[in-house]
Amino acid sequence: MTTAPAVAGSFELAAPLMGEVEALTDELVRRILDAEHGYVESTSLTREQLREACLANVTALISNLAGAHPIDLESARAAGRLKAEQGVPLAALLHAFRLGGRLIWEKLMQRSEADHPRALLEMAAQVWALVDVYSDAASEAYRLSTDARAEQDADVRRRLARAVFAGHGSNPAAVTDALRAFRIPDRGSFVVVSAEAQCSGISTPGVDAIWDSEVDGVLGLLFAHSDVALDAVIGAIPAGSGTIGVSAMFWSQSDTPAAVEQARLARACARVEQTASTRFDAVPIPLLLAANPDSGRVAARQILGKLLDLPDAERSSLLATLEAWFQSKGSTTDAAERLHYHRNTVLYRLRRIGELTGRDFLDPIHASELFIGLRAYQLCMDGVVQSA
């Protein structure tokens, strides 16, 4: 960097101030503290730190004005980083630089009196240009430091959240820190949610939540002082929020890791349930199949038999009819309305399913087996049935 543009007589005006930087710094600190009430009291910045930063910047500004040194913005950047780290508002930082520029300008006017009037006049632009350059450098360093700190805080929060979901077995000290940081009670009403994305509007007064990202979505720990409050929040999740699995309710935060597995299993089942969220304790058969996919594939093959060997379009059509019939609680009329078919079409397809599987949909035992076979196919053979 070069020095500021020289003005005839300007170096002579500024040079004597080199011997007054200590006194000027003390005056600047006093002015800053008078103008910015609570500058030190409301932040982590000490008076000594403030003076050190002021001394470095006053020295740099006067040195450049006196032609002793080229522009060096490191003191400004250091001040920006320090103020960001200590919680000083950016506006207060910039005000301090303006106060410093005003103080230096006042001293230049006092020293000049009748000497070098033109130099003093032209030097005004030089002083405030320097203040702008230093303020810009400080602001940029402040923002970079703030961004880095926010990212670091977010990373710390992610690590703490991960410790909560992993449990005491992985890192007891980290779990203790996390419980304290998130103010998670030892006992209360808890559920874990596994979802595609953080559920909007899931937090309400009296219900708290922490979230952690996963490869295929997020985990959420919801906790409250009552089961009723949690039930209300889960029940209010809007349709269209994606696949959401909810663990069984539990009452000690130490049971969180087990609830995580429940929520993940419930979410695996959610793609075949026509509800906004799928609760672990509401879908026992799909849960058994999702937890044992190899057995599920065997069951699908044994129960559905020749139906699985049909061309894709015909197989999907028959399975969609079976799904609609179960969703309609065995009513062929309601199933026909769901599918926009005639009732006789639904009956024909159900009989066709019976021919292919050897199971009569009117027989309760056979019907239950068909339900298991359908869910096994949907959950374990990557054959999600499309409504048709």
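A quick note: this is a predicted structure, and the numbers were derived from the prediction, not measured.
- Summarising the hydrophobic clusters (Ile, Leu, Val, Met, Phe, Trp, Tyr; side-chain heavy atoms under 4.5 Å, direct or chained), the residues clustered with Val283 are Leu265, Phe280, Leu287.
- The two atoms that bring Leu289 and Ile372 nearest to each other are CD1-O, 3.8 Å, heavy atoms only.
- With sequence neighbours excluded, the residues satisfying salt bridge (Lys or Arg N to Asp or Glu O under 4.0 Å) with Arg297 are Asp294.
- A salt bridge is absent between Asp363 and Arg359: the closest approach of a Lys/Arg side-chain nitrogen to an acidic carboxylate oxygen does not fall below 4.0 angstrom.
- Using a cut-off of 4.0 Å between Lys/Arg side-chain N and Asp/Glu carboxylate O, Glu27 and Arg31 are scored as salt-bridged.
- Between the side chain of Glu314 and the backbone N or O of Pro311, no donor-acceptor pair lies under 3.5 Å.
- Salt bridge annotation for Glu355-Arg352: present, with a cationic side-chain nitrogen under 4.0 angstrom from a carboxylate oxygen.
- Arg375 meets the salt bridge (Lys or Arg N to Asp or Glu O under 4.0 Å) test with Glu273, Glu323; sequence neighbours excluded.
- Shown here are the side-chain hydrogen bond (donor to acceptor under 3.5 Å, both in side chains) partners of Arg315, two or more places apart in sequence or in another chain: Asp312, Tyr377.
- Clustering ILVMFWY residues whenever any of their side-chain heavy atoms sit less than 4.5 angstrom apart, transitively, puts Leu65 in the very cluster that holds Val133.
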> Under the side-chain contact (heavy atoms from CB on, under 4.5 Å) criterion, do Leu93 and Phe97 qualify, and how do the steps go?
Replying inline: CA-CA 7 Å; Leu93 167 67; Phe97 273 95; 3.7 Å; yes

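- Between Arg158 and Asp212 there is no salt bridge, since none of the side-chain N atoms of the basic residue sits less than 4.0 Å from a carboxylate O of the acidic one.
- Applying the side chain to side chain contact (heavy atoms under 4.5 Å, CB included) rule to Arg159 yields the partners Asp155, Val156; only residues at least two apart in sequence or on another chain are considered.
- The pair Arg81-Glu74 meets the salt-bridge criterion, since a charged nitrogen lies less than 4.0 angstrom from a carboxylate oxygen.
- Residues Phe361 and Leu322 are not in side-chain contact: their nearest non-hydrogen atoms beyond the backbone lie 4.5 Å or more apart.
- No side-chain donor-acceptor contact under 3.5 Å links Tyr134 to the backbone of Arg77.
- Under a hydrophobic clustering in which Ile, Leu, Val, Met, Phe, Trp and Tyr are joined whenever their side-chain heavy atoms come within less than 4.5 Å, directly or via other members, Trp251 and Val207 fall into the same cluster.
- Annotation: salt bridge (Lys or Arg N to Asp or Glu O under 4.0 Å) contacts of Asp132 (sequence neighbours excluded): none.
- Looking at Ser194 and Arg264, their side chains never bring a donor and an acceptor atom within 3.5 Å of each other.
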